[in-house]
Amino acid sequence: MELFSPLKLKSLDPHNIPEVLDTWFDQNERLMPWRETRDPYRIWLSEIILQQTRVAQGTPYYLAFINQFPTIEKLANAPEDEVLKLWQGLGYYSRARNLHFAAKQVMMEFSGEFPNQYSSILKLKGVGPYTASAIASIAFGEKRAAVDGNVIRVISRLFGISEDTNQSVTQNTIQKLADELIKDSNPGRHNQAMMEFGAMQCVPKNPNCQNCPLSEYCIALQNQWVDQIPLKVKKLKRRSRYFHYFIIQDDSNVWLHRRSENDIWNGLYQFPLIESSSNELNLPDAVFSILGSLSVEMIKSNKAKKHVLSHQDIYATFHHIKVKCLPESSFISSKLNEVHTFALPRLIDRYLESNDF
DNA sequence: GACGCGTGGAA
DNA sequence: TTTCCAAGCGT
């Protein structure tokens, strides 16, 4: 089957794309800690951290993990709390749990030897087709096209694919083109070049097409479709959730609440809260509720995206317990156990840093 | 196949 | 201010 259709254009021969890309990568590759090694453990760790995460955000976490867990064995032997604590603030916490689980998988199911081919790497929890391809190609030189968000964007533009890239049919088309492009390449390097190109040059918004080494190959550019490709049919509307946090403490303790499953921040710790659908909160009811039913699950709702703090400054006294609604900063306690992984860690930091209680 | 999961930066 | 979205995956 001819994947690079001659009918599509007047663009140059797509078979030359990998070489052009390789030259571009020579001149534009960014230095990253995980690019200094072919240790599959480190490649894997970096790939998990970078899922849906920018390099700048993930890099400090990568360094902290390597520092604390230089080998996969040390990671596997650590308590899960310790792994989660190190992940604190990065988001998508199931990645941390799966990371820990997979480390134990490697120790138990692979005798401590990191799996060395796509099919077995794919068995690791938290590793899907993209990540398995990336590890197999970068650490072991296997010819697997790793297709992530960057590659989807680059290929859909180059080949003028205007269909919805959220559809699996479209993704299959893109995967085939990616498979075609990786032939005759150094696969690990080619994959990284594709992703780097998407991240640096063929960016989502306002890419600099006037100064692009692939402009002559780009069907989207020739048709002035660049700002419409890749097409992603938008889904659900966002909704706001309002979390009113309370700090409840006596002289030496602060009340913490552990969130439960089927909602955001599963298993993480936080101050007890009242959730409402608007920014308003009935204080007496809220205080009564928070003190009377801390063990009762708060009302849950789906499709949440944003968490807004109430700024009302509320103060009440129940016996010897002080209750205050948290406006972005509050008071201090030394009794927050370090092993807890907090939702909204920056909020906790502000609490710890203040001295007015 | 649709949905849920986090955070921070950019426009 | 709001919206988008960034090296995806599990259920």
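To find a chain, count down the sequence lines: A is the first, B the second, and so on, and within it residues start at 1.
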Student: Please state how far atom CG in A/L231 lies from atom C1' in C/dC4, giving the value in whole angstrom units.
Tutor: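 It works out to 15 Å between those atoms.
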Student: Mind checking if A/M194 touches a base, just sugar-phosphate, or nothing, with heavy atoms under 4.0 Å?
Tutor: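 Contact class for A/M194: none.
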Student: Both A/Q51 and A/Q167 contact DNA chain B. Which one's nearest nucleotide lies toward the 5' end?
Tutor: A/Q167
Student: Across the strands shown, which category fits A/G198 at heavy-atom distances under 4.0 angstrom: base, sugar-phosphate, nothing?
Tutor: nothing
Student: Which pairs count as side chain to side chain donor-acceptor pair (under 3.5 Å) when at least one residue sits in residues 59-76 of chain A, sequence neighbours excluded?
Tutor: A/Q68-A/E82
Student: Between A/F65 and A/W87, is the gap from one ring center to the other below 6.0 Å?
Tutor: yes
Student: Go through the structure and list residues passing salt bridge (Lys or Arg N to Asp or Glu O under 4.0 Å) with A/R95, not counting sequence neighbours.
Tutor: none
Student: Going by salt bridge (Lys or Arg N to Asp or Glu O under 4.0 Å), name the residues that satisfy it together with A/D164, two or more places apart in sequence or in a different chain.
Tutor: none
Student: Within the structure shown, what part of the strands sits under 4.0 Å from A/L90 by heavy-atom distance: base, sugar-phosphate, or nothing?
Tutor: base
Student: How long is the line joining CD1 of A/I49 and P of B/dG6, in whole Å?
Tutor: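 Between P of B/dG6 and CD1 of A/I49: 16 Å.
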Student: Any residue in residues 127-146 of chain A with a heavy atom nearer than 4.0 angstrom to DNA chain C? Just list them by number, or reply none.
Tutor: A/V127, A/G128, A/P129, A/Y130, A/T131
Student: Is there a path of hydrophobic side-chain contacts, each under 4.5 Å between heavy atoms of I/L/V/M/F/W/Y residues, joining A/L268 to A/F101?
Tutor: no
Student: Please list residues of residues 57-68 of chain A whose heavy atoms come under 4.0 Å from any atom in DNA chain C, ordered by number; otherwise none.
Tutor: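 The answer is none.
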Student: For residues 152-159 of chain A, please give each side-chain donor-acceptor pair under 3.5 Å, one per line with the distance, not counting sequence neighbours.
Tutor:
unit_1 : atom_1 : unit_2 : atom_2 : d
A/R153 : NE     : A/C202 : O      : 2.6
A/R153 : NH2    : A/N150 : OD1    : 2.7
A/R153 : NH2    : A/G198 : O      : 2.7
A/S156 : OG     : A/I152 : O      : 2.7
A/S156 : OG     : A/R153 : O      : 3.1
A/R157 : NE     : A/V226 : O      : 3.4
A/R157 : NE     : A/I229 : O      : 2.8
A/R157 : NH1    : A/V203 : O      : 2.8
A/R157 : NH2    : A/V203 : O      : 3.4
A/R157 : NH2    : A/P204 : O      : 3.0
A/R157 : NH2    : A/I229 : O      : 3.4

Student: On DNA chain C, compare the nucleotides closest to A/Q52 and A/P230; which residue's is nearer the 5' end?
Tutor: A/P230
Student: Under 4.0 Å, heavy atom to any atom of DNA chain C: which of residues 94-109 of chain A qualify?
Tutor: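 Listed by number, they are A/N98.
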Student: Please tabulate, for the side chains in residues 106-113 of chain A, all donor-acceptor contacts under 3.5 angstrom to protein atoms that are two or more places apart in sequence or on a different chain.
Tutor:
none

Student: Taking for each residue the nucleotide of DNA chain B with the nearest heavy atom, is it A/L268 or A/K205 whose nucleotide lies nearer the 5' end?
Tutor: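 Counting from the 5' end, the first nearest nucleotide belongs to A/L268.
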Student: Would you tell me if any nitrogen or oxygen in the side chain of A/Y92 comes within less than 4.0 Å of OP1 or OP2 on C/dA6?
Tutor: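 Looking at the OP1 and OP2 atoms of C/dA6, neither is under 4.0 Å from any side-chain N or O of A/Y92.
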Student: Can you name the residues that form a ring pair (Phe, Tyr, Trp, His ring centres under 6.0 Å) with A/Y269, not counting sequence neighbours?
Tutor: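 Ring pair (Phe, Tyr, Trp, His ring centres under 6.0 Å) check on A/Y269 returns A/H340.
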Student: Name the nucleic acid region contacted by A/W44, choosing base, sugar-phosphate or nothing; use a 4.0 angstrom heavy-atom cut-off, strictly under.
Tutor: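 If one applies the 4.0 Å heavy-atom cut-off, A/W44 turns out to touch nothing in the nucleic acid.
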Student: Going by the rule side-chain contact (heavy atoms from CB on, under 4.5 Å), which residues pair with A/T23 if we only count those two or more places apart in sequence or in a different chain?
Tutor: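 A/T23 satisfies side-chain contact (heavy atoms from CB on, under 4.5 Å) with A/Q27 once adjacent residues are dropped.
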Student: Got a sec, which residues hit salt bridge (Lys or Arg N to Asp or Glu O under 4.0 Å) with A/D227, two or more places apart in sequence or on another chain?
Tutor: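 So A/D227 forms no salt bridge (Lys or Arg N to Asp or Glu O under 4.0 Å) with any residue.
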Student: Rounded to the nearest angstrom, tell me the gap between atom CG in A/N191 and atom P in C/dG8.
Tutor: 13 Å
Student: For A/K232 and C/dA6, is the shortest distance between a side-chain N/O and OP1 or OP2 below 4.0 Å?
Tutor: yes
Student: Please name all residues satisfying salt bridge (Lys or Arg N to Asp or Glu O under 4.0 Å) with A/E196, sequence neighbours left out, ordered by chain then number.
Tutor: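 For A/E196 the salt bridge (Lys or Arg N to Asp or Glu O under 4.0 Å) partners, ignoring immediate neighbours, are A/R30, A/R35.
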